[in-house]
Amino acid sequence: MELEQLQNISTPCYVCEEELLEKNLKLLDYVQKESGAKIILALKGFAMWSTFPLVSQYLKGCTSSGLYEARLAREEFCKHNPHAEVHTYSPAYKDEDIDEIAKISDHIVFNSPSQLFKYKERIKEINPHAELSLRINPEVSSSPKDIYNPCGIYSRLGTTLANFTKETKGFDEEVLKHIDGLNFHALCEQNVDALEEVLVAFEEKFSKYFKGLKYINFGGGHHITKEGYDVEKLIRIIKAFREKYDVEVYLEPGEAVGWQTGFLVATVLDVFHNGMDVAILDTSAEAHMPDTLAMPYRADVRGSGEAGEKPYTYRLGGNTCLAGDIMGDYSFDMPLKAGDKVIFEDQIHYTFVKNTTFNGIKLPSLAIYRKDGTLDVVKEFGYEDYRDRLS
Ligand SMILES: *Cc1c(COP(=O)(O)O)cnc(C)c1O
């Protein structure tokens, strides 16, 4: 993107680069074609629906975590690709949502046998074609952080073998009568070796139930588009699995779709010294880059180095009153001054989907940098967005 274009962006603003998004989609499509798996987008991680005309050319649908994401999938994704599938999984469904979820979902995934038993008949009445599945918990994950580990101790996500087999107190036969597939989701930003480990546990515990199932959904967390991911091995594993059990395989990545497809542009508002140089930006780690605090991780800033690496080091902080609203310490070749732009790299997945209007700070605009070099600002926010979610 041209420097001049960047200078003229009204900030804060997320910029998704169409060409980079398409590059990810093409790689995911390669995996689909070579492995025979179907790949659907997890809206939790990336829900910029103005890109769905492009995304829907490659991915087979969306996975949603409840009514609102399912609606977005049905209304904004399927209109570009009428064959696209809407999968819905929720840790628990509510009576008031289930009819509409049944109407707009092709696949409905339950977290527990009790939820399946509660809603299966109602769903079939409303949508006889809906396919049902149960999310199981393979109890193996090498997720790097507890907050992102769905298989940790006392996990509320998925049904363990003990809660499934009738040898203990489970319901296997009763469940198997009603489901078309099984889901698991156990990875987070991981390479294919981690999937291999999970599959060993999953097959050991659950393969005796695969007979008659139409599909197995391997969840998300596959870091397929990250440099160094062993795509060919993933393809081999999926093919072998499909052949061994005669089932369809789904993957539902979120992060891998939005991975390294764009940035967040902010403007320096003020610079001062308090033991070290501090710069205040018109964005917020807390409100706009939440995983930098939750994970936590240090976002890359374009043209910067580690603290002390280049001549001018600053603590970059947000424009809220939260003391810890800090992106980190970064060094630059030139001094920062009010009006300078700061570009946080790779801020498209798990950012705007999590944004809040905390402290009344302006929500960043959403823009698409088109392949032809134009910048489309597809959404701008204002005071009303802050006001209207309060009362
Ligand atoms: C979050 C989530 C995904 C997507 O995970 P990524 O790490 O973004 O690939 C897929 N499936 C389920 C059930 C999830 O909760």
Side-chain angles (χ1 to χ4, degrees), residues 21 24-25 27-28 31-32 37-48 51 55 58-70 72-73 77 85-93 101 105-112 115 132-139 141-152 155-159 181-192 194-195 198 202 215-226 229 231 234 238 249-261 290-291 294-295 297 346-354:
L21 180 62
N24 284 353
L25 294 168
L27 180 59
L28 294 169
V31 171
Q32 294 190 119
K38 286 185 175 176
I39 303 187
I40 57 179
L41 164 67
L43 292 174
K44 184 176 98 227
F46 178 83
M48 192 179 198
T51 66
V55 179
Y58 295 97
L59 303 188
K60 305 289 184 221
C62 297
T63 188
S64 59
S65 309
L67 178 57
Y68 292 174
E69 285 187 353
L72 192 75
F77 197 99
E85 300 173 8
V86 177
H87 294 228
T88 306
Y89 156 79
S90 197
Y93 294 104
I101 286 176
S105 305
D106 303 296
H107 294 251
I108 298 175
V109 185
F110 295 93
N111 194 51
S112 66
Q115 280 260 306
L132 306 185
S133 177
L134 182 73
R135 174 170 173 174
I136 62 87
N137 174 356
E139 296 175 85
S141 168
S142 46
S143 171
K145 299 280 174 201
D146 282 347
I147 187 178
Y148 298 116
N149 182 0
C151 305
S155 171
R156 64 185 210 295
L157 302 171
T159 300
L182 285 175
N183 283 48
F184 68 81
H185 170 68
L187 305 179
C188 175
E189 298 192 335
Q190 282 169 304
N191 208 315
V192 69
L195 172 64
V198 171
F202 174 62
Y215 64 89
I216 304 288
N217 184 319
F218 288 4
H222 316 276
H223 224 168
I224 298 168
T225 51
K226 187 183 182 182
Y229 186 95
V231 171
L234 175 68
I238 294 170
V249 168
Y250 284 94
L251 304 181
E252 45 181 34
E255 173 146 32
V257 177
W259 176 252
Q260 290 187 338
T261 56
D291 276 353
M295 190 92 177
Y297 79 99
D346 194 22
Q347 292 301 312
I348 299 300
H349 54 88
Y350 289 104
T351 51
F352 45 77
V353 289
K354 287 183 155 194

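When reading the values below, keep in mind they use all heavy atoms of this one structure, side chains included, and skip hydrogens, waters and symmetry mates. Each ligand, and each atom within it, is numbered from 1 in the order the structure gives.
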**Fill in**
for atom 11 (N) of ligand 1, nearest protein heavy atom and its distance come out as Glu252 OE2, 2.7 Å
**Prompt:** Relative to the heavy atoms of Arg135, which atoms of ligand 1 are at a distance of less than 4.0 Å?
**Reply:**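 Every atom of ligand 1 under 4.0 Å from some heavy atom of Arg135: 13 (C).
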**Message:** Against ligand 1, does Pro253 come closer than 4.0 Å with any heavy atom?
**Reply:**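 It does, in that a heavy atom of Pro253 comes within the 4.0 Å cut-off of ligand 1.
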Would you kindly say whether [X] and [Y] are connected by a side-chain donor-acceptor distance under 3.5 Å?
X: Glu69; Y: Ser65; result: yes
X: Thr88; Y: Ser64; result: yes
X: Asn183; Y: Tyr89; result: no

Backbone or side chain, does any N or O of [X] fall under 3.5 Å from an N or O of ligand 1?
X: Gly221; value: yes
X: Gly254; value: yes
X: Glu255; value: yes
X: Tyr89; value: no
X: Glu189; value: no
X: Tyr350; value: yes

**Item:** Options His185, His223, His222, Lys44, ranked by nearest heavy atom to atom 1 (C) of ligand 1, top entry
**Value:**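 It is Lys44 that holds the nearest heavy atom.
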**Between Tyr250 and His107, ring centroids under 6.0 Å** = yes
**Asked** Would Tyr93 and Phe110 count as a close aromatic pair, with their ring centres under 6.0 Å?
**Response**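 Yes.
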**Item:** Result of checking Ile40, Val55, Leu72, Leu43 against Phe77 for side chain to side chain contact (heavy atoms under 4.5 Å, CB included)
**Value:** Val55
**Message:** Would you say that more than 12 heavy atoms from the other residues, nucleotides or ligands in this model lie under 6.0 Å from the OH of Tyr68, or not?
**Reply:** no
